[in-house]
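Note that the structure is a prediction, hence the values are computed from the model and not measured. Side chains are part of it too, since the values below use all heavy atoms of this structure and drop only hydrogens, waters and symmetry mates.
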Amino acid sequence: MLYPRPSETRQVVDLSGIWSFKLDQPGETLSEQWARQPLDETEPMPVPASYNDICQTIAGRDHVGWAWYEREFYADPAWADRHIFLRLGSVTHHAKVWLNGKLIAEHKGGYMPFGADVSEKLIHDGPNRLAVAVSNILDWTTLPPGEVVARKNSYPDGRSETHLTQSYFHDFFNYAGIHRPVRLVVSPKSHIQEIATTTELEADKGLVRYEIEAEAPSDAKLSVALVDAAGNAVARSEGAKGALEVADPQLWQPGEGYLYQLEARLSSGEKLLDVYRLPIGIRSVELRGNEFLINGKPFYFRGFGKHEDMDVKGKGLDDAINVKDFNLLKWIGANSFRTSHYPYSEEIMNLADEMGFVVIDESPAVGMWDKAREVFDDGLIGDEILQHHFDVMEELIRRDRNHPCVVAWSVANETASWEKGARPYLEKVLQRTRELDSTRPITCVFHGNPKKCQARDLFDFVCLNHYYGWYEHPGRLEVSAPMLENCMKTVYDNCQVPIVMTEYGADTIAGFHADPPEMFSEEYQCAMLEEFHKVFDKLDYVIGEHVWNFADFRTKQGITRVMGNRKGVFTRQRQPKQAAHLLRERWTGKKLGEWSG
Ligand code: GCB
């Protein structure tokens, strides 16, 4: 699904702002009649944002079930002969959308754009009423999975009451709402619908292959130009499918996000029908032996697992926080990140392209394991969730395939990979992903006892999460390095593919200090990272280090979380802990006193 970009033939109308909001009854009910007339007794709610921390009540924060959003907008009468697509950047996790009382779209999955053609459904001489119902329910058919549990409170005086709660097996708060912008994409009736590109390098030539889908009359023609950053067309082609050859191309590289624009023009005779400009970067990605090559050069991943997470807005798109995060990534000397544990906004992916950050793009398959049960082998994970997993991989790849920043797909984070059923399941997801994109390496993130894993040898490279000195052997820094080394050797001996350490770290409360280092202090976080670094520096098949986590983030409440997960190297407000200086020195050579740059 193409990102909405204005051009001389296209307009994008942003419907962000304050909408009317109302919670439905807790549970799985949906008062559909609320879509037929304007909602009453509403409260104001910003879009995009999660509603949880904005509602000033426990009922709002912890709501389980549907919530309603509504707003009015006007359609320009000049749009009567245009193609109008209503596009929702993401609604978490289920959405139903009504326009003027009619159901026009439904979507399952909280991190992907979707929408509907509303060209014939708009009113041009009065307000249009848009209602969006959002459900945050997770079960064993969704990704991530979860369970709605009725919890009974019984009191000494004999009273009792039941609360519905959402349980889930992943470690970030189940924020819900309209998280990304809602837009009207106004384009000509004959228009470009999809563009898929791949790039290759051959000696000193760059090759950009493209395929375009358009809704257009049969005599319509497509012409394509590749335009460099100075505005010069460096290659041209005709037709819906073709290849553009660029002599001596300026490559997209880590740290230097050079972008060309692939300018696609749809015309009929002399008449220009539509223009779409797609930013693309020319680069190659390849695994060779123990090396991850970008443009033929070995690449070592330095960076973080992140989250879309911030005060008040939760998971709502925020350009200010996103740009700040990229500036912090640059400051600390990171060159990459993983979209742990779900696809991030298209706006973040665009920034990564522009700023030259390398991305491991992850699906929302997280928390597919449970301490108390077998999830694959006892049939909790079955065909329905597998089909949904195929769907989200397809949606993700269709959305992100043109981003040069994406160098690998991660199909899941931490499944019950020790169960027998994990292997056939992950094998199918891997196969489907490979069918969708054969140009990028595919990985999966593993945890747990390295000797018991059933599936990691399937993947092109392995991602590992381990917390030796934290969850395993808490407080015992001396075991971190030997245990990690042993684990990595076991994995490598079994798979013979390179390893990225995608999670290591320690909860740290900014301002807590202890020497000798003690858990939760800034010193302990630094010491633990250093123990891990000794091992990475020793083993040549380790091709990357992603610290967990970039910043502190919100989780459900629990006795192991102090107002959220505190493994951030930055606080939730994006201020550095001591570990940020340690990493900056490791990754850039700059010391604490060197403030700028
Ligand atoms: C993990 C998970 C991540 C958690 C982290 C932790 O292994 O992948 O989602 O937040 O551990 O801090 O426990």
side-chain contact (heavy atoms from CB on, under 4.5 Å), that's the test. Do Arg432 and His389 meet it? Break it down for me.
CA-CA 10 Å; Arg432 181 77 194 111; His389 208 149; over 6 Å; no
If you look at every heavy atom in [X] and [Y], which pair is closest and at what distance?
X: Val91; Y: Leu88; answer: CG2-CD2, 3.9 Å
X: Gly177; Y: Tyr69; answer: CA-OH, 3.3 Å
X: His124; Y: Asp76; answer: ND1-O, 3.2 Å

Report yes if the side chains of [X] and [Y] come closer than 4.5 Å at any heavy-atom pair, otherwise no.
X: Val375; Y: Pro145; result: no
X: Lys22; Y: Asp40; result: yes
X: Val64; Y: Asn174; result: no
X: His179; Y: Ser50; result: yes
X: Trp79; Y: Leu184; result: yes
X: Lys556; Y: Tyr168; result: yes
X: Asp361; Y: Met349; result: yes
X: Arg277; Y: Val227; result: no

Spacing of [atom1] belonging to [X] relative to [atom2] belonging to [Y], to within rounding of 0.5 Å:
X: Gln573; Y: Ile321; atom1: CD; atom2: CD1; result: 8.5 Å
X: Lys306; Y: Ile348; atom1: NZ; atom2: CD1; result: 6.0 Å
X: Leu278; Y: Ile195; atom1: CG; atom2: CD1; result: 5.0 Å
X: His307; Y: Ser340; atom1: NE2; atom2: OG; result: 5.5 Å
X: Leu351; Y: Ser345; atom1: CG; atom2: OG; result: 8.0 Å
X: Thr198; Y: Asn402; atom1: OG1; atom2: CG; result: 9.5 Å

Does either side chain, that of [X] or that of [Y], offer a donor lying less than 3.5 Å from an acceptor on the other one?
X: Asn549; Y: Asn565; value: no
X: Asn413; Y: Arg338; value: yes
X: His107; Y: Glu395; value: yes
X: Gln193; Y: Glu215; value: yes
X: Asn465; Y: Glu414; value: yes
X: Thr9; Y: Asp274; value: yes
X: Thr339; Y: Tyr111; value: no

Is the number of heavy atoms from other residues, nucleotides or ligands under 6.0 Å of [X] [atom1] greater than 12?
X: Glu435; atom1: CD; value: yes
X: Gln33; atom1: CD; value: yes
X: Gln37; atom1: CD; value: yes
X: Arg36; atom1: CZ; value: no

Is there a donor-acceptor pair under 3.5 Å between the side chain of [X] and the backbone N or O of [Y]?
X: Arg440; Y: Arg401; answer: yes
X: Thr57; Y: Gly60; answer: yes
X: Arg61; Y: Asn52; answer: no
X: Thr555; Y: Asp171; answer: no
X: Asn136; Y: Gly65; answer: yes
X: Glu211; Y: Thr197; answer: no
X: Tyr342; Y: Ala365; answer: no
X: Lys108; Y: Thr141; answer: yes
X: Asp552; Y: Gly568; answer: yes
X: Asp14; Y: Arg183; answer: no

Assess the residue pair Trp34 and Asp24 against the criterion (side chain to side chain donor-acceptor pair (under 3.5 Å)); give the C-alpha distance rounded to whole Å, side-chain angles, the decisive distance to 0.1 Å, and a yes or no.
CA-CA 9 Å; Trp34 283 1; Asp24 208 328; over 6 Å; no
Does the distance from a Lys or Arg side-chain N to an Asp or Glu carboxylate O, for Glu120 and Lys189, drop under 4.0 Å?
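Yes.
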Whether Glu194 and Arg398 form a salt bridge (side-chain N of Lys/Arg under 4.0 Å from carboxylate O of Asp/Glu) is what I want to check.
yes
Kindly determine whether Leu430 and Phe459 satisfy side-chain contact (heavy atoms from CB on, under 4.5 Å), including the steps that lead there.
CA-CA 8 Å; Leu430 170 67; Phe459 292 89; 3.8 Å; yes
Is the gap between the ring centers of [X] and [Y] under 6.0 Å?
X: Trp68; Y: Trp98; value: yes
X: Trp548; Y: His341; value: yes
X: Trp369; Y: Phe446; value: no
X: Phe550; Y: Phe337; value: no
X: Phe172; Y: Phe553; value: no

Show the numbers, then the answer: is there a side chain to side chain donor-acceptor pair (under 3.5 Å) between Asn350 and Glu354?
CA-CA 6 Å; Asn350 293 340; Glu354 279 165 35; over 6 Å; no
Test log, rule side-chain contact (heavy atoms from CB on, under 4.5 Å), inputs Leu272 and Arg265
CA-CA 7 Å; Leu272 175 68; Arg265 290 176 171 264; 3.8 Å; yes
My understanding is that only one of Asp311, Asp325, Asp309, Asp318 makes a salt bridge (charged side-chain N to carboxylate O under 4.0 Å, His left out) with Arg574; could you say which?
Asp325
If you apply the rule ring pair (Phe, Tyr, Trp, His ring centres under 6.0 Å), what do you find for Trp66 with Tyr51, and how did you get there?
CA-CA 12 Å; Trp66 291 91; Tyr51 61 74; over 10 Å; no
Passes side-chain contact (heavy atoms from CB on, under 4.5 Å), His191 versus Tyr276? Steps please.
CA-CA 9 Å; His191 59 272; Tyr276 186 90; over 6 Å; no
Ring-face cation contact, Phe390 with Lys428, 6.0 Å cut, 45° max:
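No, cation not above the ring by the 6.0 Å, 45° rule.
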Side chain to side chain donor-acceptor pair (under 3.5 Å) between Thr415 and Tyr425, intermediate numbers included:
CA-CA 10 Å; Thr415 58; Tyr425 180 95; over 6 Å; no
